[in-house]
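Atoms within each ligand, like the ligands themselves, are counted from 1 in listed order. These numbers come from the heavy atoms of this one structure, side chains and all, not from hydrogens, waters or symmetry mates.
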Amino acid sequence: MIILKSERELKMMHEAGKILASCHNEIRKMINPGISTLAIDHFVEQYLAKWGATPEQKGYKGYKYATCASVNDEICHGFPNKKPLKDGDIVTIDMVVNLNGALADSAWSYAVGKISSEAAHLMKIAKESMYKGIEQAQVGNRLGDIGHKIQTYVENEGFSVVREFTGHGIGRSMHEDPAVLNYGTPGKGVKLREGMVITIEPMVNVGMWQCKIDENGWTARTIDGKLSTQYEHTVAITRNGPLILTDQELS
Ligand code: MF3
Ligand code: CO
């Protein structure tokens, strides 16, 4: 069941999104060779507390951390750990912020020190594919329009989109209907209506799209060991077009 949001609920989610976005802007300044993803995780928890918000991921289905931190071949749901990030790594930090019961979800990828031109290109295409998807988040369009744009943009560059994980509706819970696939057929799927809020979060791989799950039961990584990256925004469907609730430029 898709839950449409009122003006007031949207405002509350936007407030959560602004905190989330400003948190990413702080993380950007911290990312350097030598810092650990656990240190970033601790920072996030403190930062959110300062703004009266909480990390929704912590405790979700037994997940122990405020953030997911996925490095290099890790696709998503990487556990923050004490290992220092090193020059040339790419890392995706994903988090869900709860402010007074309203949620926002955004993942962003960061380059650690100097990265390869392949990694830089992957990050650029993944980010652009997310914005191509967001452009399609218009009243009357369908989910297939979003997925199709993302997939064709990524595949034209020779990269692949992960199939096992999708975007989702979001509101008072982290995962609501509908599932937002990063591939699809134009004109197919759920029709977008005013008041829907979804995440658009393509995971893009250099090589094959398939993943395997670590022994920890959570962390997904590429089966070929090649790089993967991800960008994610929470987006409201409004009569004036897509409204990015986690926009870092407004935070
Ligand atoms: N933020 C993730 C998403 O985009 C969900 C993380 S799973 C968790 O859907 F368990 F770590 F919370
Ligand atoms: Co997320």
Exercise. Using heavy atoms and a threshold below 4.0 Å, how should the contact between Glu232 and ligand 1 be classified: side chain, backbone, both, or neither?
Worked result: side chain

Exercise. Can an N or O of His175 be found at a distance shorter than 3.5 Å from an N or O of ligand 1?
Worked result: yes

Problem set entry | Any donor-acceptor N/O pair, Thr234 side chain to Ala104 backbone, under 3.5 Å | no

For this session: May I ask you to decide if Trp209's main-chain N or O and Ser160's side chain share a donor-acceptor pair within less than 3.5 Å?
Result: yes

Problem set entry | Spacing of Leu227 atom CG and Ser116 atom OG [to the nearest 0.5 Å] | 6.0 Å

For this session: Select the closest option to atom 2 (C) of ligand 1 among Leu103, Asp94, Thr199, judged by heavy-atom distance.
Result: Asp94

For this session: Could you list which atoms of ligand 1 come closer than 4.0 Å to a heavy atom of Val96?
Result: 1 (N)

Exercise. Could Lys5 and Glu176 be called an ion pair, given the rule that one side-chain N must be under 4.0 Å from one carboxylate O?
Worked result: yes

Exercise. Tell me: protein heavy atom nearest atom 7 (S) of ligand 1, and distance?
Worked result: His77 NE2, 3.6 Å

For this session: Check the side chains of Thr222 and Asp73 for a donor-acceptor pair under 3.5 angstrom, ignoring hydrogens and angles.
Result: no

Problem set entry | Aromatic ring proximity, centroids under 6.0 angstrom, Phe159 and His121 | yes

For this session: Could you tell me whether the side chain of Thr238 and the main chain of Asn240 form a donor-acceptor pair under 3.5 Å?
Result: yes

For this session: Specify the protein heavy atom at minimum distance from atom 3 (C) of ligand 1: its residue, its atom name, and the distance to 0.1 Å.
Result: Asp105 OD2, 3.2 Å

Exercise. With a 6.0 Å cut-off on ring centres, are Tyr47 and His24 close enough?
Worked result: no

Exercise. Which heavy atom of the protein is the closest neighbour of atom 5 (C) of ligand 1, given with residue, atom name and distance?
Worked result: Gln57 OE1, 3.5 Å

For this session: Could you tell me whether Glu45 and Lys58 have a side-chain N and a carboxylate O separated by less than 4.0 Å?
Result: yes

Exercise. Is the closest heavy-atom distance from Phe165 to ligand 1 below 4.0 Å?
Worked result: no

Exercise. Do any of the N, O or S atoms of Glu201 sit under 2.8 Å from the Co ion (ligand 2)?
Worked result: no

For this session: Taking only heavy atoms of Met174 into account, list the atoms of ligand 1 that are under 4.0 Å away from them.
Result: 5 (C), 12 (F)

Exercise. Using heavy atoms and a threshold below 4.0 Å, how should the contact between Trp218 and ligand 1 be classified: side chain, backbone, both, or neither?
Worked result: side chain

Exercise. Hey, is Met95 one of the residues with a heavy atom under 4.0 angstrom from ligand 1?
Worked result: no

Exercise. Hey, does the side chain of Asn156 reach the backbone of Thr152 with a donor-acceptor pair shorter than 3.5 angstrom?
Worked result: yes

Exercise. In terms of residue, atom name and distance, what is the protein heavy atom nearest to atom 4 (O) of ligand 1?
Worked result: Glu201 OE1, 2.9 Å

For this session: Provide the number and element of each atom of ligand 1 under 4.0 Å from a heavy atom of His168.
Result: 3 (C), 4 (O), 9 (O)

Seminar exercise, completed: Answer key: the N, O or S atom of Glu232 nearest to the Co ion (ligand 2) is OE1

Exercise. Vertex the Co ion (ligand 2): angle to OD1 of Asp94 and OD1 of Asp105, to 10°?
Worked result: 100°

For this session: Please check if the side chain of Asp145 supplies one atom and the backbone of His148 the other of a donor-acceptor pair under 3.5 Å.
Result: no

Exercise. Just which atoms of ligand 1 are under 4.0 Å from any heavy atom in Tyr60?
Worked result: 8 (C), 10 (F), 12 (F)

Exercise. Which residue owns the protein heavy atom closest to atom 11 (F) of ligand 1, what's the atom, and how far is it?
Worked result: Cys68 SG, 3.4 Å

